[in-house]
Amino acid sequence: MDLSTLVKMSNTYGSNLAYVLAGGGNTSVKDDTTLYVKGSGTQLATIKAEEFVKMDRARLNEIMKTEYPADDVKRESAYLADVMAAVTDDDKTKRPSVEALLHNLFAYRYVLHVHPTLVNGLTCGKGAKALCEQLLGKDVLWIDICKPGYTLAHICFEKMKAYKEAAGKDVQVLLLQNHGIFVAADTVEEIGILFDGVIAKLEKQVKRVADVSDAVTPEKEQAAQKLSQLLRHAVEVVPAAEADNFVKDKAAAAPLLKPFTPDHIVYCGPYPLYVEHIDEAKNALDAFMSEYDKEPRLILVQGVGAFIMEDDRGKAAKAQLLVKDAIKLAVYAESFGGPLQMTDEITYFITHWEAEAYRCKK
């Protein structure tokens, strides 16, 4: 199967920061017997043909008939083993995207899954489910927030089957609450038409966009240096003017105090550190670490600004991207009923999910 068209589609959408950040999103192409899907830990912007993973569709279809344990760890372990058993790639070091099974469910040749900030302004909005049908019509299938992996695939399997029975056709556009969008078609051109149509309709609903222009001041730089000394980690300013609106007080910070999507968890950490007075930062971090088992990457200092705490420059750069995305998303969500973050249950699952740990490591 020629993968050149898939590579071009992946690079095109993956290079657009409004649609994909860091290692987010995935794509695939299939025929009756074989699925090629993005390898876990790769980036759509730069992915090459050899970085897609070849899979046996018959084996993937069998997974939907399998009963797995109710326990999260046991279920995901057994599910992963079956997914890996469906890999027919000669390179056994490659691992398929965590959404490979969902790609296989679509009845179309090409599938695009991305996390556009504007789309997630809707999917992370309190009025999202009703607005999805109102703004986008009944052709778009909405999926409520749920645990990723097998649980998500199974729910989509049932919902997609019900959609086909009711509508007399297969699903082409699917929205996942607090996650992103899937678009499927037999040509990349049709995917573009469907995708652009969703974006255009949502743009008409937007009342305000975030100001993410550079707003680094000498005072913020001094605060970053002080935090670095107090916390003994590299700290840098989040250079976005809109961030000031989220640090006026804890109530204003509320939209950023919990994650919006899985990517925000992976690259920014599940929860940020909120500090009322910068001199109390060390005590605040100690209290944070006694409650959570992972250091925060985002620090919000009341009345001062937003900061990234990360010694690894590569990870710090990705965190910057995703924090700005969360800020823009929170403002977009104002047009869709107000911001709605992920539940603590789902956040805990993703934070401890082996599949996301693997992707983050890669």
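Values in this document were obtained by computation on a predicted structure and should not be read as measured data.
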Centroid-centroid under 6.0 Å between F288 and Y271 rings: no
Sidechain-backbone polar pair: K220 side chain, A224 backbone, donor-acceptor under 3.5 Å: no
D170 side-chain N/O to A107 backbone N/O, donor-acceptor pair under 3.5 Å: no
Would a distance-only check, ignoring hydrogens and angles, find a side-chain to backbone donor-acceptor pair under 3.5 Å from Y79 to I63? no
Is there a donor-acceptor pair under 3.5 Å between the side chain of R109 and the backbone N or O of K30? yes
By side-chain contact (heavy atoms from CB on, under 4.5 Å), N178 pairs with (sequence neighbours left out) C124, I145, M342
Is a side-chain donor or acceptor of E310 paired with a backbone partner of A319 at a separation under 3.5 angstrom? no
Should the heavy atoms of other residues, nucleotides or ligands under 6.0 Å from OH of Y348 be counted, would the total exceed 12? no
Whether the T261 and D263 side chains hold a donor-acceptor pair (N or O, under 3.5 Å, no angle test) is what I'd like checked. no
Carefully, step by step, assess Y274 and Q302 under the rule side-chain hydrogen bond (donor to acceptor under 3.5 Å, both in side chains). CA-CA 7 Å; Y274 186 86; Q302 185 169 300; 2.6 Å; yes
Under 3.5 Å, side chain of Q222 to main-chain N/O of E219, donor-acceptor pair present? no
Candidate list T347, D325, N120, test side chain to side chain donor-acceptor pair (under 3.5 Å), partner H264, passing option: D325
Would you say that V209 contacts K328 through its side chain, given a criterion of any heavy-atom pair below 4.5 Å between the two side chains? no
R95 side chain to S40 main-chain N or O, any donor-acceptor pair under 3.5 Å? no
Using the ring pair (Phe, Tyr, Trp, His ring centres under 6.0 Å) rule, collect all pairs that involve residues 303-347, keeping only residues at least two apart or in two chains. none
Side chains of T27 and S10, donor plus acceptor under 3.5 Å: yes
Would F52 and Y36 count as a close aromatic pair, with their ring centres under 6.0 Å? no
What pairs meet the side chain to side chain donor-acceptor pair (under 3.5 Å) rule with one or both residues in residues 181-192, with sequence neighbours excluded? Q172-E190
Calculate, to the nearest 0.5 Å, the distance between atoms CD and CD belonging to E276 and E280 respectively. 7.0 Å
Using a distance-only test with no angle check, is there a side-chain donor-acceptor pair under 3.5 angstrom linking N245 and E242? yes
State the CG-CG distance between D56 and N61, to the nearest 0.5 angstrom. 8.5 Å
Does any N or O in the side chain of Q320 come within less than 3.5 Å of the main-chain N or O of V237, such that one atom is a donor and the other an acceptor? yes
Between K282 (side chain only) and L227 (backbone N and O only), is there a donor and an acceptor less than 3.5 Å apart? no
With no hydrogens and no angle check, just 3.5 Å: does a side-chain donor-acceptor pair link D82 and Y68? yes
Before you tell me yes or no, could you show the steps for R57 and D32 under salt bridge (Lys or Arg N to Asp or Glu O under 4.0 Å), namely the whole-Å CA-CA distance, both residues' side-chain angles and the distance that decides it to 0.1 Å? CA-CA 8 Å; R57 294 195 66 198; D32 291 341; 5.1 Å; no
Above 12 or not: heavy atoms from other molecules or residues under 6.0 Å from CZ of R313? no
Name the residue from L175, I181, L329 that meets the side-chain contact (heavy atoms from CB on, under 4.5 Å) definition with L122. L175
Distance from Y19 atom OH to T117 atom OG1, nearest 0.5 Å? 10.0 Å
